[in-house]
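Below, each value reflects all heavy atoms present in this structure, side chains not excepted, and no hydrogens, waters or symmetry copies. Reminder, nothing fancy here: chain letters follow the sequence lines and each chain counts from 1.
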2 protein chains.
Amino acid sequence: MRIGELARRTGCDVETVRYYEKEGLLTIPQRDGSGYRLYAGQQLEELQFIRHCRSLGMPLAEIRALLRFRYHPHWDCSGVNAILDTQIVRVQEQMQALQTLLEQLYLLRTECAQRQQAGECGIMKNLNQAAKGEPCLCHPLPSSFA
Amino acid sequence: MRIGELARRTGCDVETVRYYEKEGLLTIPQRDGSGYRLYAGQQLEELQFIRHCRSLGMPLAEIRALLRFRYHPHWDCSGVNAILDTQIVRVQEQMQALQTLLEQLYLLRTECAQRQQAGECGIMKNLNQAAKGEPCLCHPLPSSFA
DNA sequence: CTTGACCCTGTAGCAACTACAGGGTTTGTA
DNA sequence: TACAAACCCTGTAGTTGCTACAGGGTCAAG
């Protein structure tokens, strides 16, 4: 099959397929007389493997590592577990950061209840206060929020 | 003060300050005889305003909009509220996505309990199954996970 | 024989920085 | 006064995971 069909069957953009090839994730396909890429079932599976891992939020570098385990089924799988664990920690950390953010945003949002001039708006007042290094709703400690 | 001191006092990288200037977020500073940027308290506050908004996860485009409200305190503040609401929704959506991801990762992680060959590893088996379009732990429905 | 759909390579863009390269200036110290 | 370290300048390229062209070639249907 040509690249268009491969893309259609995986729900992936044609450009993305070429990108994965350039990044060394997909095995190099054969070419027909006109230079068109020709794919077989192997690459269809590879691509679906990649898309699946992406849907789990994994970066391409780790997918590349997982693909190596796929090609070497006799390898010790502890590296696979390590990749999963890394990914879990990464997602947990991101969620924690977002949770904090969300609480700060909620607090800030309550500061303005009605239409008024920006200079009187509780949100803007809070932001301007923070800009002066004074404590604000989201960062009650003096200055140096990191 | 020069750019280094400004950066130090805001916990911001010097390159980032120049970047914000290029992006039109910071007002253009004066220059001394050697072409060095000279900042006053105004820009210190601007930069702290920007860093604060960034710490709330806001994209630069929305910070630019908020800065305009800062310069025009007589404007109606409903745009400020709208920006906050947009940001809250964005963060909520991101958290929801991460939550789903995390559950899938947890499920997948339980599939491999001990060291073994990658070919026998429950995680790899699941990923390979998904690559064939068969149902897997994270995407129990047949194929077409988006 | 022409139109449209498909394919190719290569480059530039997105967001928000970060990291140089290759230069000039200032400041402190010997 | 000489010199080195620390600072500043501009401009460009890299990061991640794509996406979107530009400018061409190929192929099948009508």
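- Rounded to whole Å, atom P of D:dG17 lies 12 Å from atom CD1 of A:Ile50.
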Report all side-chain donor-acceptor pairs from residues 12-26 of chain B shorter than 3.5 Å, counting only partners two or more places apart or in another chain.
from	atom 1	to	atom 2	distance (Å)
B:Asp13	OD1	B:Glu15	N	3.0
B:Tyr20	OH	B:Arg51	NH1	2.6
B:Glu21	OE1	B:Arg37	NE	2.8

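- Between B:Gln43 and the choices B:Ile3, B:Leu38, B:Thr27, the side-chain contact (heavy atoms from CB on, under 4.5 Å) rule is met once, by B:Thr27.
- A:Arg64 meets the salt bridge (charged side-chain N to carboxylate O under 4.0 Å, His left out) test with no other residue; sequence neighbours excluded.
- B:Glu62 pairs in a salt bridge (charged side-chain N to carboxylate O under 4.0 Å, His left out) with only one of the listed residues (B:Arg54, B:Arg68, B:Arg90), which is B:Arg90.
- Of the residues near DNA chain D, A:Arg54 and B:Arg8, the one whose nearest nucleotide (by heavy atom distance) lies more toward the 5' end is B:Arg8.
- Here the P atom of nucleotide D:dC27 and the CG atom of A:Leu38 are 11 Å apart, to the nearest Å.
- For B:Glu5 and D:dC8, the CD to C1' distance is 14 Å, given to the nearest whole Å.
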_Test side-chain contact (heavy atoms from CB on, under 4.5 Å) on B:Tyr106 and A:Ile88; report intermediate values, then the result._
CA-CA 7 Å; B:Tyr106 280 150; A:Ile88 285 171; 3.7 Å; yes
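- Counting to the nearest Å, the P atom of D:dC8 and the CE atom of B:Met1 are 12 Å from each other.
- For DNA chain C, no neighbouring residue in residues 93-102 of chain B is found when judged by any heavy atom under 4.0 Å.
- In terms of phosphate contacts, A:Tyr20 brings a side-chain nitrogen or oxygen within less than 4.0 Å of OP1 or OP2 of D:dC18.
- Put simply, CD on A:Glu21 is 12 Å from C1' on C:dC8, counting in whole angstrom units.
- Taking all atoms of both residues into account, the shortest heavy-atom contact from A:Gly79 to A:Phe69 is CA-CZ, 3.7 Å.
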*Determine, stepwise, if the pair A:Glu46 / A:Tyr39 fulfils side-chain contact (heavy atoms from CB on, under 4.5 Å).*
CA-CA 11 Å; A:Glu46 277 176 13; A:Tyr39 295 98; over 6 Å; no
*asked:* Run A:Ile50 and A:Leu67 through side-chain contact (heavy atoms from CB on, under 4.5 Å) and show every step you take.
replied: CA-CA 8 Å; A:Ile50 296 168; A:Leu67 281 166; 4.1 Å; yes
Give me, pair by pair, the N or O atoms of the protein and of nucleotides 9-11 of chain C that are less than 3.5 Å apart, along with how far apart they are.
from	atom 1	to	atom 2	distance (Å)
C:dT9	OP1	A:Arg31	NH1	3.3
C:dT9	OP1	A:Arg31	NH2	3.1
C:dT9	OP2	A:Arg37	NH1	3.0
C:dT9	OP2	A:Arg37	NH2	2.8

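- Regarding B:Asp13, its CG atom lies at a distance of 15 Å from the C1' atom of D:dC9, rounded to whole Å.
- Contact check for B:Leu108 versus B:Leu127: side-chain heavy atoms found under the 4.5 Å cut-off.
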_Pair B:Cys77-A:Met124, side-chain contact (heavy atoms from CB on, under 4.5 Å): steps then yes or no_ = CA-CA 8 Å; B:Cys77 79; A:Met124 286 306 293; 5.6 Å; no
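- The interatomic distance linking B:Leu26 (CG) with C:dC17 (C1') rounds to 14 Å, in whole Å.
- Nearest heavy atom pair, residue A:Met58 against residue A:Gln87, reads N-NE2, 3.7 Å.
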Show the distances under 3.5 angstrom between N or O atoms of the protein and N or O atoms of nucleotides 22-26 of chain C.
from	atom 1	to	atom 2	distance (Å)
C:dG24	N2	B:Tyr36	OH	2.8
C:dT25	O4'	B:Tyr36	OH	2.9
C:dT25	O3'	B:Ser34	OG	2.9
C:dT26	OP1	B:Ser34	OG	2.3

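- Here C:dC17 is the nucleotide among C:dC7, D:dT19, C:dC17 with the atom lying nearest to any side-chain atom of B:Arg51.
- A salt bridge (charged side-chain N to carboxylate O under 4.0 Å, His left out) check over residues 72-85 of chain A, counting only residues at least two apart or in different chains, returns the pairs A:Asp76-B:Arg115, A:Asp85-B:Arg109.
- Here C:dT18 is the nucleotide among C:dT18, D:dC8, D:dG17 with the atom lying nearest to any side-chain atom of B:Thr16.
- Rounded to an integer number of Å, the gap from CG of B:Leu25 to C1' of C:dA16 is 11 Å.
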